[in-house]
Amino acid sequence: MKFYVTTPIYYVNDRPHIGHVYTTTIADIAARFHRLCGDDVFFLTGTDEHAAKVVDSAAEHGVTPQQWADENAKAFQDTFAKLGISNDDFIRTSQERHKVKAQQYVGELLKTGDVYLGDYEGWYDAGQEEYLPENKAKEYEFKSPFNGKPLVRKKEKNYFFRLSRYGDSLLKLLEERPEFVHPDVRRNEVRNRIREGLNDVPISRTGGSDWGIRIPGDSEHTIYVWIDALFNYLSTVDTDERRKFWPADVHLIAKDILWFHAVIWPAMLIALKRELPRQVYAHSFWISEGQKMSKSLGNFIDIEKIDQYVSNFGLDALRYFLARYGPLGINDSDFAEARFNDVYNAELADKLGNLVNRTLTMIQRYRNGVAPQASDEGLRTDAETMVAAYRERMNRLDFVGALDALWGFVVRSNQYVEESAPWKLAKDPAKARQLDGVLYNLAESVRLISVLVTPFMPTTSGAIRTQLGVGDKRGLFAEETNWGRLAAGTKIGQVAPLFPKRT
RNA sequence: GCCAGGGUAGCUCAGUGGUAGAGCAGGGGACUCAUAAGCCCUUGGUCGGGAGUUCAACUCUCCCCCCUGGCACCA
């Protein structure tokens with residue numbers, strides 16, 4: 001099986017923040033899960049660079065657009081590298097490999113008549129040299145929000161994509177493949193808007209700058225940045241070696257860019273006669289300490305803030321928090337320090353960390369650090385039930401649900417310790433075999449957890465395995481989740497708390 | 001303004017025409033392998049407000065209030 005997952009390509013004028021980190025981490029978890037399952041995975045992220053504002057920002061900083069883009073793209077690359085993101089490629093829309101393909105796609109659409117030269121008419125702000133969308137123009141009472149001068153009605157030549165042609169196809173798509181847009185609420189949003197009718201969309205600009213991709217055969221027009229950006233998902237894998245990955249299994253996005261991904265993008269792909277992605281998954285937003293993040297409040301969880309969390313709690317704790325309490329569904333999530341701290345202590349230190357610690361300490365104390373022989377089926381049924389739920393949920397990208405199942409098993413294992421009270425068994429030589437069984441079951445439980453935690457907390461997984469003495473290397477999901485894989489006689493390693501408690 | 005989604009215990013959320021649920025936080029208990037962790041028990045709610053339909057509504061209908069997303073070229 002192949003698995004192709006994408007994040008949006010990030011706008012190169014932005015500085016990386018929790019939103020970018022979240023989407024990318026979610027994609028990373030999906031990618032790592034599928035690698036664990038033995039799938040042929042391609043995980044793509046990158047930067048979107050051809051906006052007019054990039055030209056402006058570059059000018060303000062006295063550098064060329066390319067230099068500016070290079071510098072800022074590097075900020076994203078560095079951030080993702082620092083966060084251990086396992087992307088297989090990083091596409092930048094200013095790269096030749098992308099530009100050539102994007103131009104080719106628009107060329108194809110020109111041939112089929114899906115892209116045509118038409119007239120664009122709209123409210124133009126002469127001072128800013130830009131058009132305002134109808135609703136914005138209205139909001140500003142048809143005056144420039146910058147200098148108060150009246151907006152003028154202006155018309156110019158523009159290339160359009162014939163989106164209006166694809167309304168029925170899109171509705172049919174949503175009907176036949178309801179999973180195409182996820183969650184359901186988003187699909188309904190999209191469907192209702194499509195029913196309201198689709199207009200053709202302008203896909204070119206005549207900025208005069210040469211920062212951008214030319215419309216084939218017309219040196220006046222460049223491809224509008226959003227259209228250019230969408231093509232990245234295809235352009236990157238549109239090579240002989242990578243074509244096998246298309247179509248994308250899932251485009252992970254935030255809800256604000258749903259329209260482009262669930263309507264314009266599939267319509268263009270239909271026009272290009274390409275296979276459609278299997279799913280567009282739109283998550284919601286993070287808010288910060290109960291408040292919406294905004295420039296005016298200056299409360300962005302920015303990269304400096306993220307670094308602080310990583311150095312205080314560790315990268316895996318951040319990944320766990322993002323996955324477990326992130327806005328994967330329709331509600332926004334609150335990134336609050338007190339909450340993070342509680343979750344760290346309760347779920348990572350007290351539940352998981354302590355289970356590993358008490359298990360290994362008991363083996364050390366009662367069995368000289370050697371995993372004993374199994375003697376009963378103790379936690380097996382619980383484990384198997386959990387693994388089935390975990391796998392099913394992971395396959396649906398329901399990471400919250402998967403972690404629920406996994407942590408339910410952690411709790412179950414802790415209960416098992418209390419029920420079997422190894423410290424009592426240890427006092428009675430006649431119960432040695434029973435104690436062996438209990439300790440084996442706990443060790444096996446810890447081993448199983450080390451495997452299932454891999455996509456979320458790769459470093460922790462390795463740390464557990466090293467302490468348990470089975471080594472960081474692990475096999476595929478199917479074999480590693482077989483109960484009883486731990487060999488009796490395994491010598492456990494040095495034991496230390498995985499998540500030191502914070503106060 | 002229009003189109004959606006949501007307002008349920010201190011917090012995060014699940015739920016559905018028939019006597020309100022979970023996790024966390026709070027309170028109590030027995031234990032001791034463990035990171036004063038874990039385990040067991042437990043206090044909390046007029047289910048946003050109002051009216052209506054019904055034998056019966058948190059659950060259906062209508063009105064109002066508040067929050068969130070989208071309203072197409074702002075990536």
Measure from the side chain of [X], starting at C-beta and using heavy atoms only, and say which of [options] lies closest.
X: A/R358; options: B/C3, B/G5, B/A34; result: B/A34
X: A/R186; options: B/G69, B/A72, B/C13; result: B/G69
X: A/V201; options: B/C73, B/U35, B/C33; result: B/C73
X: A/P202; options: B/C39, B/A14, B/C73; result: B/C73
X: A/I330; options: B/C33, B/G5, B/A37; result: B/G5
X: A/Y120; options: B/A34, B/C73, B/C33; result: B/C73
X: A/D332; options: B/U35, B/G5, B/U68; result: B/U68
X: A/N192; options: B/C3, B/C73, B/C39; result: B/C3

Just to be sure I understand the rule, does [X] reach a base, reach only the sugar-phosphate, or reach nothing, if contact means heavy atoms closer than 4.0 Å?
X: A/I227; result: nothing
X: A/N199; result: base
X: A/D342; result: nothing
X: A/Y325; result: nothing
X: A/A349; result: base
X: A/G329; result: nothing
X: A/V190; result: nothing

Please confirm whether the shortest side-chain N or O distance from [X] to OP1 or OP2 of [N] is below 4.0 Å.
X: A/Q415; N: B/C40; answer: yes
X: A/K351; N: B/C24; answer: yes
X: A/K501; N: B/A37; answer: yes
X: A/R339; N: B/A25; answer: no

**Asked** With under 30° as parallel and over 60° as perpendicular, where do the rings of A/F321 and A/F340 fit, or are they tilted in between?
**Response**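 Rings of A/F321 and A/F340: tilted, as their planes differ by 30° to 60°.
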**Item:** Check: B/G70 base within 3.5 Å donor-acceptor of A/E189 side chain
**Value:** no
**Request:** Would you kindly check whether a donor in the side chain of A/N354 faces an acceptor in the base of B/A34, or vice versa, at under 3.5 angstrom?
**Result:** yes
**Centroid-centroid distance, A/Y320 to A/F399, less than 6.0 Å** =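 Here the rings of A/F399 and A/Y320 have centres that are no less than 6.0 Å from each other.
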**Message:** Looking at B/G23, which nucleotide sits across from it as a Watson-Crick or G-U wobble partner, both distances under 3.5 angstrom, or is there none?
**Reply:** B/C11
**Prompt:** So, the side chain of A/H261 versus the backbone of A/I257: is there a donor-acceptor pair under 3.5 Å, distance only?
**Reply:**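 Judged by distance alone, yes, a pair lies under 3.5 Å.
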**Item:** Exercise: do A/D200 and A/S164 side chains pair donor with acceptor under 3.5 Å
**Value:** yes
**Prompt:** Can A/N158 and A/S204 be counted as having a side-chain donor-acceptor contact under 3.5 angstrom?
**Reply:** yes
**Request:** On RNA chain B, check which nucleotide each of A/N414 and A/R324 is closest to and give me the residue with the more 5' one.
**Result:** A/R324
**Message:** Measuring only between side-chain heavy atoms, which start at C-beta, is A/L110 closer than 4.5 Å to A/L117?
**Reply:**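 No; the side chains remain at least 4.5 Å from each other.
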